[in-house]
Amino acid sequence: YTNTGIKHYIASMDFDALLDPVNMKVEYGIWDYATNSVKYSEQRYAVVVPENSGERSYWIRISIINKAKAASFKGSFNWLLSACNPQSADYLTLTTVEMQATDTAGEYQVSFAGTGEYVGQVVFPSSVNNSTVTAIVGNGSLTQEQKNQVRSVYIPASVITIEEDAFDSYKKLQTVTFADNSQLTTIADGAFCGCESLKQIKIPASVKYFEEANACGVFYGCKSLEKVIFEDNSQLTIISYFAFGYCESLTEIEIPASVKSIGGNAFNNCESLTEIEIPGSVTSIDEDAFYGCSNLKNVTLNTLHENVLHEITNLANTNGEMHLTIGASVTTIGDDDFSSCVGLTSVTFAENSQLISIGRWAFAYCETLTEIEIPASVTTIYECAFEECEALKKVTFAENSQLTWIGRDAFWGCGSLTEIVIPASVDTIEDRAFNCENLTSVIFENKTGWYTDSTDITEEQLSDPANAAILLKSTYMEDWWCRE
């Protein structure tokens, strides 16, 4: 190993199998150029390489004290390469070990040569010279080769801020670990930008801010990042501009319920992302937040804030075949919320939905919407709610439906709709609600007490689903239908 100004200590020697350790003597050594020999010590931390001392070789000598007794071992050997300022603890692990037995001068020795794997662990201390470490700042003087030596970092609980570009372009960094009870509140823009080998990260609950990016988002270009975990009770409020931009392997992320806004291009070109849930706390999704997420076709919305809907409907219209789930806490689908969302294929509602009403033109002109089940909690479908949904084949109402009102032109022009069941709770159907040319079967769960502007409708007339369809879509289409 070529020394680059850091002290080297032997850290550990872990045996998977060891017979009669009392009968073994372990010594740690390093080649001393002054004497052209190996200096050994039985204390593993005693072998220290002076700073800037050039290339060194490391030795371990294992001697069997009583040759008459058997002794065997196998295991891993770790060298601790500790920085002069105690901010790193980098390990070199011997992964391939060749052993050879020799009998020299009456002493039976086992020697080995190994192939090393540089683990590159950096452990930041919680204090230096009795001062608490509260921030991690990037070192602009490091070469790319030096950055590439780092494989993992450990961040103590005392750190409050990870500054801008702190780990920018640490391309071999695979693991970031935060201490329990972390006090971290801010991760600045570019903090982990270009960490191409990072596959997973768990972000402490204490983090409140991803700072807005000027050039490079917090995890921008982490192309191997597959999973982002936020600790329970996360306090994060903002997912900033380009925060996960070009994280092309990202498949799993659960946005915390504390998040209020998602910045523009936050998930730009996350092409492996197939589903996402927007919590009810979000009031704003900025332009192009999901730009290039070509496979993101399953979205759950727990809020229908206008600044959220704009981006989600744009996403649906761009990708097509959008499968939308509306969360249980949503009580109203407003006027025009999903109007002309031509990429919307299906809509489902979460279990125990609290939805009360579907607004005017809420899903009008959703040309590829094929089916929908209206939750039992819905009482009102306003006029033109599903107007011109040409592909809509199936409309069902959940068991124990509380629906009372179906507005004018609610399903006007739904040419693919051939049958429907009107819940027993319905007492008003406004004019032209079912002007659907291919509607051939209408089942009224409650057939009694119906009348229109011009006549009474008998139970016998509604007993035949085909006849009921003719009356509703044709004969008395221009009338209001009411039930006593």
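Looking only at atom types and distance, the side chain of N446 has a donor-acceptor partner in the side chain of T448 under 3.5 Å away. Looking at N268 and N265, their side chains do bring a donor and an acceptor atom within 3.5 Å of each other. Judged purely by distance below 3.5 Å, without hydrogens or angles, the side chains of T325 and T348 pair a donor atom with an acceptor atom. For the residue pair T300 / N302, no side-chain donor-acceptor distance below 3.5 Å is found, with atom types taken as modelled.
Judged by distance alone, the side chain of S224 and the main-chain N or O of E196 form a donor-acceptor pair under 3.5 Å. Judged by distance alone, the side chain of T418 and the main-chain N or O of N438 form no donor-acceptor pair under 3.5 Å. For the pair E388 (side chain) and C414 (backbone), a donor-acceptor distance under 3.5 Å is absent. In this structure, T331 contributes its side chain and Q354 its backbone to no donor-acceptor pair below 3.5 Å. Listed for the S377 side chain is a donor-acceptor partner under 3.5 Å among the backbone atoms of S353. Side-chain atoms of S158 come within 3.5 Å of backbone atoms of V133 as a donor-acceptor pair (strictly under, hydrogens ignored). Within the 3.5 Å criterion, the main-chain N or O of S357 finds no donor-acceptor partner in the side chain of T332. Distance alone, capped at 3.5 Å, is enough to place a donor-acceptor pair between the K147 side chain and the D168 backbone. In this structure a side-chain-to-backbone donor-acceptor pair under 3.5 Å is missing from S249 to E226. A side-chain donor-acceptor contact under 3.5 Å links E430 to the backbone of R408.
More than 12 heavy atoms of other shown residues, nucleotides or ligands fall within 6.0 angstrom of atom NZ in K447. Within a 6.0 Å sphere centred on OH of Y291, heavy atoms belonging to other residues, nucleotides or ligands number 12 at most. Within a 6.0 Å sphere centred on CD of E478, heavy atoms belonging to other residues, nucleotides or ligands number more than 12. Within 6.0 Å of CD in Q200 there are more than 12 heavy atoms belonging to other residues, nucleotides or ligands. The neighbour count for Y382 OH, taken as heavy atoms of other residues, nucleotides or ligands under 6.0 Å away, does not exceed 12. The local environment of CD in E287 is sparse, with at most 12 non-hydrogen atoms from other residues, nucleotides or ligands closer than 6.0 Å.
Between R360 and C384 the shortest side-chain heavy-atom distance does not fall below 4.5 Å. For the pair F386 and I372, the minimum side-chain heavy-atom distance is below 4.5 Å. Considering only heavy atoms from C-beta on, E373 stays 4.5 Å or farther from F397 through its side chain. Contact check for I333 versus F363: side-chain heavy atoms found under the 4.5 Å cut-off. Between D189 and Y241 there is no side-chain heavy-atom pair separated by less than 4.5 Å. Inter-residue side-chain proximity for F434 and I420 is flagged as met; some heavy-atom pair is nearer than 4.5 Å. Proximity of V426 to W481: side-chain heavy atoms (C-beta onward) are nowhere separated by under 4.5 Å. For the pair F290 and I312, the minimum side-chain heavy-atom distance is below 4.5 Å.
Between A179 and A157, the shortest heavy-atom distance links the atoms CB-N, 3.5 Å. For the pair V342 and N317, the tightest heavy-atom approach, listed with the atom from each and the gap, is N-OD1, 2.9 Å. In terms of heavy atoms, F167 sits closest to I155 at CE1-CD1, 4.5 Å. Closest approach of S234 and S258 over heavy atoms only: O-OG, 3.0 Å. Scanning all heavy atoms of the two residues, the minimum distance from V137 to E163 falls at CG2-CG, 3.6 Å. The heavy-atom pair separating I239 from A266 by the smallest distance is CG2-CB, 4.1 Å.
The aromatic rings of F219 and F192 sit parallel to each other, their planes meeting at less than 30°, with 60° as the upper class boundary. Note: W450 and F444 have perpendicular aromatic rings, judged against thresholds of 30 and 60 degrees for the angle between ring planes.
From T251, atom OG1 reaches atom CG of L225 across 9.0 Å, with rounding to the nearest 0.5 Å. Atom SG of C216 and atom OH of Y246 lie 12.0 Å apart (nearest 0.5 Å). For the atom pair S346 OG and M322 CE, the distance stands at 10.0 Å (nearest 0.5 Å). In this structure, Q144 CD and Y170 OH are separated by 9.5 Å, a value rounded to the nearest 0.5 Å. In this structure, I201 CD1 and K227 NZ are separated by 13.5 Å, a value rounded to the nearest 0.5 Å. Note that CD of E275 and NZ of K297 are 14.0 Å apart. Values are rounded to the nearest 0.5 Å.
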Working for side chain to side chain contact (heavy atoms under 4.5 Å, CB included), residues V218 and S240: CA-CA 8 Å; V218 175; S240 59; 4.2 Å; yes
Side chain to side chain contact (heavy atoms under 4.5 Å, CB included) evaluation trace for S284 with D286: CA-CA 6 Å; S284 174; D286 291 344; 3.2 Å; yes
Derivation of the side chain to side chain contact (heavy atoms under 4.5 Å, CB included) call for L301 and V330: CA-CA 9 Å; L301 290 178; V330 173; 6.0 Å; no
Step-by-step side chain to side chain contact (heavy atoms under 4.5 Å, CB included) determination, T345 to H323: CA-CA 6 Å; T345 302; H323 304 283; 4.3 Å; yes
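Annotation: W405 is in aromatic contact with W480 [ring centroid separation under 6.0 Å].
Cys pair C366/C389: SG-SG separation is not below 2.5 Å.
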